[in-house]
*Asks:* 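I have a structure I would like to understand better, so I am pasting it below and will then ask my questions one at a time.
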Amino acid sequence: MKDRIENLLSEVEKFAATSIEQAEQFRLKYMSRKGEISVLFDEFKTVSPEMKREVGQLLNKLKTIAQEKLDAVKGAGDAQEEKKSSDDLTRPSNSFVGGRHPLTIIRKEILDIFSRQGFTVADGPEIEDDWHNFSALNFPEEHPARDMQDTFFIDKDIALRTHTSSVQVRVLEKTAPPVRIVMPGRVYRNEAISARAHCFFHQVEGLYVDKGVSFADMKQVLLYFSREMFGEKTEIRLRPSYFPFTEPSAEMDISCTICGGKGCNVCKHSGWVEILGCGMVDPTVLQNCKVDPNVYSGFAFGMGIERITMLKYGVNDLRLFSENDVRFLSQFKSAL
Ligand code: PHE
């Protein structure tokens, strides 16, 4: 038996595979369950006790060397693979790195600007009752003002909120002033979808209620916002308007971000573009939320995130924001 082992040993030592196939043949011949080395291990049981030690050592040596030969071939194969994949270090990576949605980027920018002015963030439900979306906000029942916003009703008293002003009511009902909050969220209106209108979009609402809050405070907060968002040369203009929940009410324009006020298509040659609605919180609304209008006053404003984003990036079709076309989306980069 010793001789057979020594013969095999010299065979195995001479072996050097040049291909995976050869290595596999080698494995079958020597190392597989019925291979020559395995057979010797089986026969080892019959070796006399005084020879066991010597034969055993030899047998183990044979097995180790055979295994080393096989490992060497395998190692060479792996190294080859590795070389292949690292051949061209300049080849473009084909992995696609995702990014933020433009509306997400601008929403964060809006909230950041107001947080620098002491506003914190609040939110409320998208499915709202009549009280929070309309009645508490001083829309009388059957009043034509309810038609200002075409509503998706779920039943008589429940609807998809048409604006984030509903969150003003939710927060004021539960929180004693001072309240200084911004409320981002999605809103719904029953409108035909076009480049300029959609059945859902996003707003950021703002509310500041405290003792002695004035229209001048509102103007300053909104001027700061406009210049942070659109650049320090931006001018604002407040035009009288009407909302049931603010008195007086205004719409705010900024000097056109595209032409700087000279007149272009975006501002329809007026030099101004509207970006938000605002006003002093109507005393009736404060009363509806159990806040004493003789002690407290406040201002509120609401803006469309889509509108700000379109002005900021020069996007001219609202539908692009909800179509999920990566050719559109991948143009927006942020450090968020
Ligand atoms: N809720 C109004 C809208 O959706 C905007 C607004 C908010 C106006 C707060 C005044 C004050 O058009």
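Because the structure is a prediction, the values reported are computed rather than measured. Heads up: numbering here begins at 1 and tracks the sequence.
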*Asks:* Salt-bridged, D253 to R239, with N to O below 4.0 Å?
*Replies:* yes
*Asks:* Going by the ring-ring contact (aromatic ring centres under 6.0 Å, His included) test, name the single residue among F301, Y224, Y208 that passes it with F114.
*Replies:*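 Testing each of F301, Y224, Y208 against F114, the sole residue satisfying ring-ring contact (aromatic ring centres under 6.0 Å, His included) is F301.
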*Asks:* Less than 4.0 Å between a side-chain N and a carboxylate O, is that true for E228 and R116?
*Replies:*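 Salt bridge flag = yes for E228 with R116.
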*Asks:* A quick test of your reading: do over 12 heavy atoms of other residues, nucleotides or ligands sit less than 6.0 Å from NZ of K219?
*Replies:* no
*Asks:* Would you kindly confirm whether Y313 and I254 end up in one hydrophobic cluster when ILVMFWY residues are joined by side chain heavy atoms under 4.5 Å apart?
*Replies:*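 Yes, one cluster joins them.
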*Asks:* Ignoring hydrogens, what is the shortest heavy-atom contact between A300 and Q168? Give both atom names and the distance.
*Replies:* CB-NE2, 3.4 Å
*Asks:* How close do M218 and C278 get, counting heavy atoms only, and between which atoms?
*Replies:*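 For M218 versus C278, the nearest heavy atoms are CE-SG, 3.5 Å.
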*Asks:* One thing to verify: whether E13 and K69 come together as a salt bridge, which I'm taking to mean a side-chain N less than 4.0 angstrom from a carboxylate O.
*Replies:* no
*Asks:* Counting C-beta onward and ignoring hydrogens, is there a side-chain heavy-atom pair between R186 and F201 closer than 4.5 Å?
*Replies:*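 No - every pair of side-chain heavy atoms lies 4.5 Å or more apart.
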*Asks:* What distance do L58 atom CG and M1 atom CE have between them, rounded to the nearest 0.5 Å?
*Replies:*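 Going from the CG atom of L58 to the CE atom of M1 covers 9.5 Å.
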*Asks:* Is it the case that over 12 heavy atoms from other parts of the model lie below 6.0 angstrom from the NZ atom of K61?
*Replies:* no
*Asks:* Has R307 got a side-chain atom pairing as donor or acceptor with E274's backbone, closer than 3.5 angstrom?
*Replies:* yes
*Asks:* Output yes when a side-chain donor or acceptor of H202 lies under 3.5 Å from a complementary backbone atom of E306, and no otherwise.
*Replies:*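 Answer holds: no.
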*Asks:* Taking S32 for its side chain and L28 for its backbone only, find out whether a donor-acceptor pair lies under 3.5 Å.
*Replies:* yes
*Asks:* Treating Ile, Leu, Val, Met, Phe, Trp and Tyr as nodes and any side-chain heavy-atom pair under 4.5 angstrom as an edge, say whether V295 and V209 lie in one connected cluster.
*Replies:* yes
*Asks:* What I'd like to find out is whether the side chain of F243 reaches to under 4.5 Å of the side chain of S165, using heavy atoms alone.
*Replies:*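 The answer is no; the side chains never approach within 4.5 Å.
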*Asks:* Between D217 and Q220, is there a donor-acceptor pair closer than 3.5 Å when you use the side chain of the first and the backbone of the second?
*Replies:*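 Side chain of D217 to backbone of Q220, a donor-acceptor pair under 3.5 Å: no, none is there.
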*Asks:* Taking the side chain as every heavy atom from C-beta outward, state whether E191 and H198 have any pair of such atoms under 4.5 Å apart.
*Replies:*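 E191 vs H198: side chains apart.
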*Asks:* Under 6.0 Å from the CD atom of E232, do we count more than 12 heavy atoms belonging to anything else shown?
*Replies:*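 No, because the 6.0 Å sphere around CD of E232 holds 12 heavy atoms or fewer from other groups.
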*Asks:* Are V121 and V187 grouped together when hydrophobic residues (ILVMFWY) are joined by side-chain heavy atoms under 4.5 angstrom apart?
*Replies:*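 No, V121 does not connect to V187 through the hydrophobic network.
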*Asks:* Any donor-acceptor pair under 3.5 Å linking the side chain of T64 with the backbone of N60?
*Replies:* yes
*Asks:* Take M183 and Q203 through the test side chain to side chain contact (heavy atoms under 4.5 Å, CB included) and record every step on the way to the result.
*Replies:* CA-CA 8 Å; M183 299 148 271; Q203 291 187 326; over 6 Å; no
*Asks:* Go through F134 and E128 one step at a time and tell me if the side chain to side chain contact (heavy atoms under 4.5 Å, CB included) criterion holds.
*Replies:* CA-CA 10 Å; F134 292 121; E128 223 4 316; over 6 Å; no
*Asks:* Quick check on the 6.0 Å ring-centre criterion: do H101 and F328 meet it?
*Replies:* no
*Asks:* Taking a hydrophobic cluster as the set of Ile, Leu, Val, Met, Phe, Trp and Tyr residues connected by side-chain heavy atoms closer than 4.5 Å, whether directly or through intermediates, do I106 and I258 fall within one such cluster?
*Replies:* yes
*Asks:* So do P248 and M280 actually touch side chain to side chain, heavy atoms under 4.5 Å?
*Replies:*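 Answer yes - side chains close enough.
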*Asks:* So how far is it from L59 CG to R4 CZ, rounded to the nearest 0.5 Å?
*Replies:* 10.0 Å
*Asks:* Within a 6.0 Å radius of atom CD1 on I127, are there more than 12 heavy atoms belonging to other residues, nucleotides or ligands?
*Replies:*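 Open: at most 12 neighbouring heavy atoms sit under 6.0 Å from CD1 of I127.
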*Asks:* For D130, enumerate each residue passing the salt bridge (charged side-chain N to carboxylate O under 4.0 Å, His left out) test, keeping only those at least two apart in sequence or located in another chain.
*Replies:*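 Result, salt bridge (charged side-chain N to carboxylate O under 4.0 Å, His left out) vs D130: R146.
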*Asks:* Do I105 and F332 come close enough that some side-chain heavy atom pair is under 4.5 Å?
*Replies:*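 In short, these two side chains touch, coming nearer than 4.5 Å.
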*Asks:* For a 4.5 angstrom cut-off between non-hydrogen side-chain atoms, does L207 reach L172?
*Replies:* yes
*Asks:* Might you work through the side chain to side chain donor-acceptor pair (under 3.5 Å) test for E11 and N7, ending with a clear yes or no?
*Replies:* CA-CA 6 Å; E11 265 179 56; N7 279 342; over 6 Å; no
*Asks:* Could you tell me whether the side chain of K29 and the main chain of G35 form a donor-acceptor pair under 3.5 Å?
*Replies:* no
*Asks:* Do we get K63 above F41's six-membered ring, with its NZ or CZ under 6.0 Å from the centre and within 45° of the axis?
*Replies:* yes
*Asks:* Can you list the steps and then say if T151 with N190 is a side chain to side chain donor-acceptor pair (under 3.5 Å)?
*Replies:* CA-CA 5 Å; T151 310; N190 191 357; over 6 Å; no
*Asks:* Show your reasoning for whether side chain to side chain contact (heavy atoms under 4.5 Å, CB included) applies to Y188 and T162.
*Replies:* CA-CA 5 Å; Y188 301 83; T162 58; over 6 Å; no
*Asks:* Taking the six-membered ring for Trp, are F15 and F26 closer than 6.0 Å centroid to centroid?
*Replies:*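 That pair passes the under 6.0 Å test.
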*Asks:* Looking at R196, I want to see if its CZ is surrounded by more than 12 non-hydrogen atoms of other residues, nucleotides or ligands under 6.0 Å.
*Replies:*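 No, not enclosed.
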*Asks:* Do M310 and M252 sit in the same hydrophobic cluster, where Ile, Leu, Val, Met, Phe, Trp and Tyr count as joined when their side-chain heavy atoms come under 4.5 Å apart?
*Replies:*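 Yes; M252 is reachable from M310 via cluster members.
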*Asks:* When rounded to the nearest 0.5 angstrom, what is the spacing between CD in E109 and OG in S334?
*Replies:* 9.5 Å
*Asks:* Looking at R227 and E235, is any side-chain nitrogen of the basic one under 4.0 Å from a carboxylate oxygen of the acidic one?
*Replies:*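 Here E235 pairs with R227 in a salt bridge, since their nearest N and O are under 4.0 Å apart.
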*Asks:* If I compare all heavy atoms of R107 with all of P184, which pair ends up nearest, and what's the gap?
*Replies:* CD-CB, 3.9 Å
*Asks:* Measuring from E43:CD to S38:OG, what's the distance to the nearest 0.5 Å?
*Replies:* 11.5 Å
*Asks:* Drop me the distance from N288's CG to N138's CG, to the nearest 0.5 angstrom.
*Replies:*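 Between atom CG of N288 and atom CG of N138 there are 7.0 Å.
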*Asks:* Quick one: are V213 and F299 in side-chain contact, heavy atoms under 4.5 Å?
*Replies:* yes
*Asks:* At their closest point, which heavy atom of L286 faces which heavy atom of S297, and how far apart are they?
*Replies:*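 Of all heavy-atom pairs spanning L286 and S297, the closest is CD1-CA, 4.4 Å.
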*Asks:* Do K290 and E173 pass the salt bridge (charged side-chain N to carboxylate O under 4.0 Å, His left out) test, and can you show the C-alpha distance, the side-chain angles, and the key distance before you say yes or no?
*Replies:* CA-CA 7 Å; K290 310 270 182 304; E173 280 175 337; over 6 Å; no
*Asks:* Checking I275 against L311 for the side chain to side chain contact (heavy atoms under 4.5 Å, CB included) test, could you report, in this order, the C-alpha distance in whole Å, the side-chain angles of both residues, the deciding distance, and whether it holds?
*Replies:* CA-CA 9 Å; I275 62 161; L311 286 172; 3.6 Å; yes
*Asks:* Any donor and acceptor pair, going by atom type alone, linking the side chain of K333 with main-chain N or O of S330 inside 3.5 Å?
*Replies:*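 Yes, K333 side chain to S330 backbone: donor-acceptor pair under 3.5 Å.
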*Asks:* So, for R161 and P125, which heavy atoms are closest and what is the spacing to 0.1 Å?
*Replies:*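 Reported closest heavy-atom pair: NH1-O, 3.3 Å.
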*Asks:* So, Q25 side chain and E21 main chain: donor-acceptor pair closer than 3.5 Å or not?
*Replies:*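 Answer holds: no.
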*Asks:* Applying salt bridge (charged side-chain N to carboxylate O under 4.0 Å, His left out), name anything that partners D123, two or more places apart in sequence or on another chain.
*Replies:*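 Expected list: none.
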*Asks:* Of all heavy-atom pairs between E36 and L8, which one has the smallest distance, and what is that distance?
*Replies:*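 Shortest heavy-atom contact: OE1-CD2, 3.2 Å.
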*Asks:* Any heavy-atom pair between the side chains of P102 and V315 that's under 4.5 Å?
*Replies:*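 Heavy-atom side-chain distance check fails, nothing below 4.5 Å.
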*Asks:* Rounded to the nearest 0.5 Å, what's the gap from OG on S249 to CG on D282? Could you check?
*Replies:* 8.0 Å
*Asks:* I'd like to check the salt bridge (charged side-chain N to carboxylate O under 4.0 Å, His left out) partners of E205; sequence neighbours left out, ordered by chain and number.
*Replies:*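 Salt bridge (charged side-chain N to carboxylate O under 4.0 Å, His left out) list for E205, sorted by chain: empty.
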